[in-house]
Amino acid sequence: MRLSTPEALRIFRAWENTSESWNRRDFFAPGGTTNRGEPEADTKLFKMTADPHPPALPAAYDPQTSEPDIYDSWLRQGVFTADAGSDKLMFSIVIPPPNVTGSLHLGHTFEHTMMDALARRRRMQGYEALWLPGMDHAGIATQNVVERHLAQGGLSRHDLGREKFVERTWQWKQEYGGKILDQMRRFGVGVDWSRERFTMDEGLSQAVLTIFKNLYDDGLIYRAERIINWCPRCQTALSDAEVDHSDDDGELVSIRYGQGESSIVVATTRAETMLGDTAVAVHPDDQRYRHLVGTVVELPLTDRSIPVIADAHVDPQFGTGAVKVTPAHDPNDFAIGQRHGLAMPTIMDERGVITVPGPFEGLDRFEARPAIVAALREQGRIVAEKRPYVHAVGHCSRCNTTVEPRLSLQWFVKVAPLAAAAGVAVRDGRVGIHPPEMAGRYFDWIDNLHDWCISRQLWWGHRIPVWYGPDGQVRCVGPGEQPPTEPGWRQDEDVLDTWFSSALWPFSTLGWPQKTVDLQRFYPTSVLVTGYDILFFWVVRMMLFGLYAMGRTQRQADGSVTVDADASPTAVPFQQVVLHGLVRDQYGKKMSKSGGNAVDPLAWIGTYGSDALRFTLARGANPGADAPISEEWVKGSRNFCNKLFNATRFALSHDARVPAVGALADRGRLSLPQRWILQRLDVCVAEVNAALDAYEFARAANAAYHFVWDELCDWYVELAKQELAGPDHQADDARLVLGQVFDVMLRLLHPLLPFVTEQLWMTLTGQPTVVTAQWPTCQGAADQTGAENSMTHLQNLVTQVRRFRSDQGLRDRQRVPARLVGLEQTDLAAYEHQVRALTWLAVPTGQDAAEDFTSTASVAVSIGTHPVTVELDLAGTVDVAAERARIAKDLAAARTEQQQVQAKLGNSEFLAKAPSQVVEKIRARAAAAQADIDRLQAQHHALGGPEQERSTA
RNA sequence: GGGUGCAUAGCUCAGCGGUAGAGCACUGCUCUUACAAAGCAGGGGUCGUUGGUUCGAACCCAACUGCGCCCACCA
């Protein structure tokens with residue numbers, strides 16, 4: 001196959017962009033070319049020197065070509081490298097570290113869009129802005145991937161052994177782990193690559209050791225035999241947060257324990273656990289079983305007898321009111337077992353295989369279940385069955401295997417002493433949550449805490465720094481300490497939960513436990529942007545550890561340690577939390593690989609550009625909101641970029657100049673359209689700022705979108721064409737106004753559309769980069785000249801004439817001679833030329849034009865209180881039917897309006913109780929409606945319209 | 001089981017007490033030199049149902065119906 005040149009180029013670029021070219025770390029090597037203020041000369045696309053003639057823009061908007069070059073230039077200029085020594089105000093964001101195994105998906109681009117916008121805006125506002133990137137080692141996920149990889153070669157991790165396996169995983173990380181970072185570069189994230197971190201790198205591992213040791217010494221980490229969630233496939237413990245519950249079909253069987261008079265019936269969905277039963281429990285007040293408490297019953301299929309005990313935890317209303325107790329395989333039963341000192345035999349191994357000697361030994365738990373039910377049925381022990389029986393079942397969030405509660409020896413973090421302070425920090429406003437409604441979910445967790453199981457039976461991760469001696473000694477080895485070397489000592493085999501190191505991310509990445517300048521200047525981080533789906537996994541835990549490590553602790557009288565709830569504001573890991581939703585498809589369905597509707601962001605970036613994808617995501621990005629997205633909408637955003645590109649190109653081609661500061665302050669001199677667009681620009685700036693202050697990216701994007709497209713392009717640019725062709729002073733003003741509007745808008749849009757605004761702004765201003773340009777602020781000038789009102793009049797007039805022309809089937813090109821009667825009485829008197837240009841109306845020609853001109857059709861419009869009639873010469877070709885239809889329609893609308901308004905004005909209570917401004921507004925509407933009705937009726941009459949068109953009211 | 005949210009145009013959503021809006025889709029016309037990745041004009045909704053509060057309700061309150069999400073050791 002032969003490729004055409006452009007096609008080949010495109011493919012080459014796509015390939016080039018994804019990997020090789022981005023691995024040139026010399027762009028951001030420490031001490032290299034990244035120092036701010038000393039941009040390296042760039043000969044490729046952009047001139048860094050003051051060039052009086054900046055390079056012309058390409059003829060077409062072409063993100064595929066320009067975006068990678070622009071990103072290179074940013075890295076070369078070092079604009080994202082934060083200076084901790086700066087005396088500016090500080091702003092910092094740490095990236096939610098993506099899994100090292102991952103590739104970029106739309107969820108990442110979604111939150112990166114928001115973080116980049118926030119950081120870029122702050123940088124333009126004069127802050128020293130740090131956006132710190134990095135990756136998470138993702139314990140279970142990565143180990144699973146590498147194990148799958150090994151399995152293809154017929155190997156298991158045990159064939160390699162621990163050391164080799166970990167080595168292999170590091171290798172894998174080096175080879176594939178940076179993929180997502182390469183993809184982020186193509187997206188154009190403005191992160192500080194010189195500060196990139198990894199949860200398993202040297203510094204962060206020190207942080208993990210340090211906090212483990214501190215917590216251990218403070219008695220906040222302990223090891224205990226507890227019921228934990230166990231995944232028989234991953235063969236590791238899981239925290240509560242790593243278990244997903246779903247309502248599954250099961251089977252509830254009732255089994256008779258014991259014989260005859262002294263028998264008792266219990267119900268269960270997990271019949272196989274009966275092999276581990278050590279009691280039957282009933283409620284102490286339950287009269288039905290009172291006589292049995294203290295006796296023993298025979299446990300079927302075994303040679304054991306178990307006691308009947310009384311425990312207040314049993315619900316007498318449920319089932320038979322009697323519960324079988326399996327302390328080693330059920331959390332409730334474990335608690336009962338502890339209270340009654342019951343034996344806790346484990347009946348399954350780590351794979352979920354029955355270990356009790358006998359006929360069921362070696363059976364998987366799901367094979368054992370029907371086998372045991374069958375055996376019980378044979379003995380006549382099954383007294384009732386209910387199937388299907390829907391009940392909540394826990395699944396491993398990593399592999400979806402049914403979780404098995406299992407008694408085992410694990411490490412835990414004592415959460416209560418940490419959590420109180422974490423609750424207070426949000427309640428007293430030191431940490432803001434957006435949207436505020438979601439703080440409720442945060443408190444749900446904080447107020448209902450369970451201790452956090454942090455040990456994992458994996459090999460990939462931070463190994464627990466505890467050593468066990470030959471005589472039962474336990475020693476926690478802190479950072480810098482030597483592990484015991486005497487014979488017989490061995491280190492704990494387990495590693496820490498991935499979220500343990502993630503919980504340190506806001507300060508470990510800044511150098512903690514060292515007292516670094518970064519830590520001092522950039523902590524607490526300003527904003528955390530993350531999904532509401534990991535509020536519990538991550539946000540809560542960062543709060544716990546952040547306040548513990550960076551705040552103060554108190555030793556209680558009993559020797560226990562708690563985190564001081566009144567820790568200073570500088571202890572919190574972040575000051576604001578912005579929670580975003582999920583990316584959904586165009587039908588509102590959650591995007592997921594399994595749902596088959598997942599999209600590779602790079603594909604869209606390749607076709608439409610990073611800016612287009614960002615803008616589409618931004619238009620769905622409000623706190624707590626899910627963002628629907630589809631290719632059509634990305635295309636729409638690309639079209640917007642193209643619009644902006646072409647409009648700027650228009651301005652440049654007419655020598656638009658950015659005015660000196662204050663040059664346009666005296667607006668009295670300017671034309672109506674000029675005053676209007678500057679006024680609207682100011683409103684847009686205010687709206688965008690207000691929206692971004694509230695993290696409402698969607699509102700900001702929409703405000704800018706509508707200003708650029710509906711106001712700037714559709715109206716001002718069209719009007720400016722007339723001004724540019726007009727008298728010199730007017731043309732000069734137009735060039736300055738265009739310069740001003742585009743300068744401000746490009747800066748204002750930069751956080752949301754970084755690439756196209758950079759390209760256009762550099763060309764417009766000749767400056768090296770918009771990244772460090774000054775952020776626009778609202779001038780706050782009220783519309784003192786009534787420009788908005790007059791422009792509304794102009795727009796109405798123009799639209800009415802255009803509509804008439806459209807209804808009459810007139811081509812735009814067809815200049816129609818016309819008189820604008822009465823215009824001189826209105827505020828548009830000076831703008832007849834502009835009105836004619838926008839409506840393609842010609843001045844009547846001929847010797848005595850005004851007198852000879854014969855009108856054959858007219859359009860009547862109300863300009864404020866003044867009637868204006870546009871009289872056109874259609875040379876007798878007026879489509880009367882079309883015209884009458886149009887007028888009839890307007891008349892009907894005007895009458896409806898009049899009816900509604902009169903209903904209000906006829907209501908004495910309305911007049912009495914409604915605010916006077918509202919009443920005045922309604923009166924004005926009534927007057928306007930009446931004027932419309934009069935005018936339209938006259939026109940309708942003139943066209944020979946029948947009288948029955950009268951209102952039926 | 002406990003929370004919590006949502007129902008507005010064909011689709012996805014904004015509006016949250018005083019004339020129902022946007023994008024896409026749809027219809028007609030136009031290659032008018034910034035832009036056809038466009039322009040101009042247009043059609044389309046008793047704002048889930050039923051009550052209530054109010055001069056006035058898409059908006060506030062209650063109930064109902066239908067979806068969704070979060071939490072949960074219901075054997």
Side-chain angles (χ1 to χ4, degrees), chain A residues 60-61 227 240 245 252 266-270 273 281 313-315 317-326 330-335 391-392 394 405 437-438 440-441 444-445 448 450 532-533 535-536 581-582 584-588 590 608 612 616 619-620 622 624-630 632-633 635-654 698-699 702 705-706 710 713-714 717-718 721 799 802-807 809-814 838 840 886 896-897 900-901 903-904 907-915 917-919 921-922 925 929:
Chain A
Y61 173 57
I227 285 273
D240 292 346
H245 292 270
L252 185 70
V266 298
T268 182
T269 53
R270 291 155 66 214
T273 60
H313 211 75
V314 177
D315 175 10
Q317 306 302 317
F318 188 93
T320 58
V323 189
K324 59 189 275 308
V325 181
T326 323
D330 183 278
N332 271 329
D333 296 1
F334 175 72
H391 62 137
E437 305 89 82
M438 284 198 183
R441 294 194 195 177
D444 275 351
W445 200 92
N448 298 292
H450 295 261
Y532 58 63
D533 52 334
L535 188 64
F536 302 99
L582 277 23
R584 297 176 178 274
D585 69 12
Q586 59 199 305
Y587 306 108
K590 182 175 162 180
Y608 304 106
T616 311
R619 293 186 78 177
N622 276 332
D626 292 344
I629 193 171
S630 81
E632 282 307 302
W633 305 347
K635 196 191 263 184
S637 296
R638 187 274 315 267
N639 294 355
F640 175 65
C641 295
N642 184 53
K643 190 80 181 171
L644 187 67
F645 182 89
N646 280 303
T648 309
R649 222 157 52 91
F650 165 83
L652 286 167
S653 73
H654 289 88
R699 209 174 102 209
N702 285 324
Y705 179 95
H706 287 292
D710 300 343
C713 292
D714 286 355
V717 166
E718 293 306 316
K721 286 176 185 172
T799 302
R802 283 175 175 172
R803 183 174 163 215
F804 173 83
R805 294 185 55 123
S806 184
D807 289 345
L810 295 172
R811 304 270 190 276
D812 292 349
R813 218 172 210 183
Q814 192 178 342
L838 293 184
W840 309 283
R886 178 177 73 84
T896 304
E897 163 77 353
Q900 287 176 351
V901 168
K904 290 194 180 214
N907 182 338
S908 58
E909 286 199 278
F910 170 73
L911 296 176
K913 295 186 181 175
Q917 307 99 294
V918 172
V919 176
K921 226 169 138 184
I922 299 290
R925 275 170 57 193

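To find a chain, count down the sequence lines: A is the first, B the second, and so on, and within it residues start at 1.
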Side-chain-base donor-acceptor pair under 3.5 Å for A/R638 and B/A37: yes
Which is it for A/V919 and A/L911 under the side chain to side chain contact (heavy atoms under 4.5 Å, CB included) test, yes or no, and what are the steps along the way? CA-CA 7 Å; A/V919 176; A/L911 296 176; 3.9 Å; yes
Close side-chain approach of A/R811 to A/W840, heavy-atom, < 4.5 Å: no
Check whether any side-chain N or O of A/R811 sits under 4.0 Å from OP1 or OP2 of B/U30, and answer yes or no. yes
May I ask which nucleotide in the shown strands pairs with B/U49, Watson-Crick or G-U wobble, both distances under 3.5 Å? B/A63
With a non-hydrogen cut-off below 4.0 angstrom, is A/P405 in contact with a base, only sugar-phosphate, or nothing? nothing
Tell me which nucleotide, if any, is Watson-Crick or G-U wobble paired with B/A38 when both distances must be under 3.5 Å. B/U30
Please check the phosphate of B/A37 (OP1 and OP2 only) for any side-chain N or O of A/N646 closer than 4.0 Å. no
Would you say B/G39 has OP1 or OP2 under 4.0 Å from some side-chain N or O of A/K643? yes
What is the nucleic acid contact for A/K721, judged by heavy atoms within less than 4.0 Å: base, sugar-phosphate only, or nothing? base
Give A/C641 one of three labels, base, sugar-phosphate or nothing, depending on what nucleic acid heavy atoms sit under 4.0 Å from its own. nothing
Residue mapping more 5' on RNA chain B - nearest nucleotide basis, A/R925 or A/L911: A/R925
Under 4.0 angstrom between A/R805 side-chain N/O and B/A41 OP1 or OP2: no
Here's a test of your reading of the structure: between A/S806 and A/F650, which maps to the more 5' nucleotide of RNA chain B? A/F650
Below the 4.0 Å mark, does B/A41 have OP1 or OP2 next to a side-chain nitrogen or oxygen of A/T799? yes
Between A/K904 and A/I922, the two heavy atoms sitting closest are CD-CD1, 3.9 Å
If B/C69 has a Watson-Crick or G-U wobble mate with both distances under 3.5 Å, name it; if not, just say none. B/G3
Search all heavy atoms of A/T320 against all heavy atoms of A/V266 and return the closest pair with its distance. OG1-CA, 4.0 Å
For the atom pair CH2 (A/W633) and OH (A/Y608), what is the distance rounded to the nearest 0.5 Å? 14.0 Å
